[in-house]
Amino acid sequence: MTTTEAKAGRKEWIGLAVLILPVLLVAMDITVLYFAVPSISADLQPSGTQQLWMMDVYGFVLAGLLITMGGLGDRIGRRKLLIIGTVLFGAASVACAFSTSPEMLIASRALQGIGGATLMPSTLGLIRNMFHDPKQRRKAVAVWSVGLSAGAGLGPVVSGLMLSSFHWGSIFLVNIPIMVLLLVLAPVLIPEYRSPNLGKFDLLGGALSLTAVLSIIWGLKEIAVHHTYAIPGAVIAVGLILGTFFIRRQATHSDPMIDLTLFRNRGFGPSITCNLVCFFGMIGFGIFSTQYLMEVLRMKPLEAALWTLAAPVIVSFVAPIAAIVAQKTRPAYIIAAGFAVAASGFLLITQVTTEHNIPLVITAIVLSGVGIAVVLSIVTDMVVATAPAERAGGVSALLQTAQELGGALGIAVLGSIGAGFFGPAMDKTIPAGLPEGTLEAARQTLGGAHDVALKLPQAQGDNLFRVAQEAFVTAMHPAAITAAVVVLSAAVAALIFLRHIKNTPEVSAEDAYSVENTTETKDLVTA
């Protein structure tokens, strides 16, 4: 098949716009609860544990089921799975909106996670089938990456806008018109694809992947939230053991969900790792930037959300440009440059103080966001291009599972570093004369210090919270330096391990991302 014969037409590009709709919604619903928790808590009266599960269960289930659903879509049809996921996600959104108890909301959010897990690998897998030309596929993947970034950024904005005028359930009901539109347009504009060569679905493999990923992500989040290591560490160890069994099963099963021979391609594993690092920095440091805007600069939720939209807006222009540059520049150089830009943003954070310097803060957020988005668009295309057409869903799911693991790892590592510096900084400057029993709560987190301050006389409370703000900024700096070191290390690794990958914009899709003088890898690359 020549490049000319493989060109996508108007129908495919309109179909891409339809595929971006679920990407936006799934990403948006990860962050949509950030500002709605106070309203939900006032209405449903959840316990502290229930409140955490309301926030986290969606992401847990989503991450755990991605590989399972990706493999299932390859077998039953990716468009069919997309439509099933659309119905499930829409129904779960309605259930969330009208939840009358914490238990009902947690269960409904879990159902949303199942729906999201069916949607995400289907979208990227279908893009692989709709765009065979390397140049067009890069642009399509760049648009997909922009949709992912924009969705995460839009979640808090939509939440803030809806909560300013409507009941908290409205943040879920906004999904319904888009779900209906997707159900109408998908059968018309998106072609079906199912692999004729794959056998029965591996139920045991699916169970192993689900429990392994859930165990690891739960353990990492517990470490980040509670700063306890014994039980979460043991659960992570169990997850790693189950993950090892899953990999061994994939290596020996006659019809695996993940074709491990793809890792013989020297660019496949490093691309997955770069993808993980992207979300380590983006999600891991996102908790600091959000808290800084709202708790240190004292912005209202909607104002903070609107400022953070600067990054996805600029990304929408930069990501397509990166796809064009990739036609003439080796991917390793673009990836290294993207990570370097992200590192400059993280390092700029070290210059931030408690003073109201919005240009400095937003510049840092934009630099880190744009740099990561450039890397994300390039490595996503590299992974999708490497995948055989019949396994694109499973490979897409593997890519997205790495994203979820990277985000959880970032929250655990950077959050622990922040907590490790926040407490000692508070110990050095905390005001004397606090009521007995409040000192420990005030030195745990900035939010905890704020809660304590509200219960004190105004002058004493203001003094305590000001000290806590300064301690938070002090703790944010080493976390930013750590993020910068991680992404710079990834930049160096990309130059070392991906330097052999050529930019091949004019060759046929079957030869895209071929490796110089590497016959083994050429046999494996079927994109």
Side-chain angles (χ1 to χ4, degrees), residues 33-56 102 156 159-160 163-164 168 221-228 285-305 307-308 349-350 352-358 361 411 414-480:
L33 281 188
Y34 283 3
F35 298 149
V37 169
S39 300
I40 295 173
S41 297
D43 190 10
L44 301 184
Q45 298 294 313
S47 66
T49 301
Q50 287 174 328
Q51 184 171 303
L52 287 174
W53 276 106
M54 278 191 256
M55 293 286 292
D56 293 337
S159 179
L163 290 170
S164 64
W168 59 262
K221 292 227 174 182
E222 282 294 296
I223 290 172
V225 173
H226 299 296
H227 311 301
T228 56
F285 203 80
I287 57 174
F288 288 93
S289 56
T290 301
Q291 275 191 286
Y292 179 82
L293 293 174
M294 294 182 61
E295 298 290 347
V296 178
L297 299 188
R298 306 302 294 161
M299 289 184 180
K300 293 183 178 180
L302 182 57
E303 181 186 4
W307 276 114
T308 59
I349 288 289
T350 63
V352 169
T353 67
T354 55
E355 299 297 321
H356 200 282
N357 191 342
I358 284 295
V361 175
I411 290 172
L414 300 183
S416 296
I417 290 172
F421 280 86
F422 181 80
M426 287 290 287
D427 291 340
K428 292 179 181 179
T429 56
I430 197 165
L434 288 181
E436 187 176 351
T438 61
L439 176 61
E440 187 60 28
R443 69 183 301 278
Q444 290 297 315
T445 64
L446 181 57
H450 183 249
D451 291 341
V452 171
L454 292 176
K455 300 173 184 177
L456 298 175
Q458 184 172 355
Q460 191 179 23
D462 290 346
N463 187 27
L464 172 64
F465 190 53
R466 184 169 57 253
V467 167
Q469 289 174 316
E470 292 171 353
F472 177 82
V473 171
T474 299
M476 187 168 64
H477 292 168

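Taking both residues in full, the closest heavy atoms of Val352 and Met476 are given as CG1-CE, 4.1 Å, listed atom of the first, atom of the second, then distance. In this structure, Leu446 and Gln291 approach most closely via the heavy-atom pair CB-NE2, 4.2 Å. Among all heavy-atom pairs drawn from Met299 and Ala304, the shortest one is SD-CA, 3.8 Å. The minimum heavy-atom distance linking His356 with Leu297 is given by the pair CA-CD2, 3.9 Å. Across all their heavy atoms, Val473 and Thr353 have their closest contact at CG1-CA, 3.9 Å. Across Gly461 and Ala453, no two heavy atoms sit closer than the pair O-CB, 3.3 Å.
Note that CD1 of Ile40 is 12.5 Å distant from CD of Gln50, once rounded to the nearest 0.5 Å. The distance from the CG atom of Asp462 to the CG atom of Leu456 is 10.0 Å, given to the nearest 0.5 Å. Note that CZ of Phe465 is 8.5 Å distant from CG of Leu454, once rounded to the nearest 0.5 Å.
In terms of the ring-ring contact (aromatic ring centres under 6.0 Å, His included) criterion, residue partners of Phe288 (sequence neighbours excluded) are, by chain and number, Phe285. With sequence neighbours excluded, the residues that form a salt bridge (charged side-chain N to carboxylate O under 4.0 Å, His left out) with Glu295 are Arg298. In terms of the ring-ring contact (aromatic ring centres under 6.0 Å, His included) criterion, Phe421 has no residue partners (sequence neighbours excluded). For the side chain to side chain contact (heavy atoms under 4.5 Å, CB included) test, residues two or more places apart in sequence or in another chain that qualify with Ser41 are Val37, Pro46, Gln51.
Taking 4.5 Å as the limit, some side-chain heavy atom of Leu464 sits within range of a side-chain heavy atom of Met426. For the pair Ser289/Thr308, no side-chain contact is recorded, criterion being any heavy-atom separation below 4.5 Å from C-beta on. Val361 has its side chain within reach of Leu293: a pair of non-hydrogen atoms, C-beta onward, lies under 4.5 Å apart.
Under the side-chain hydrogen bond (donor to acceptor under 3.5 Å, both in side chains) criterion, the residue pairs touching residues 463-473 are Asn463-Arg466, with sequence neighbours excluded. Applying the salt bridge (Lys or Arg N to Asp or Glu O under 4.0 Å) definition to pairs two or more places apart or across chains, none involves residues 415-424.
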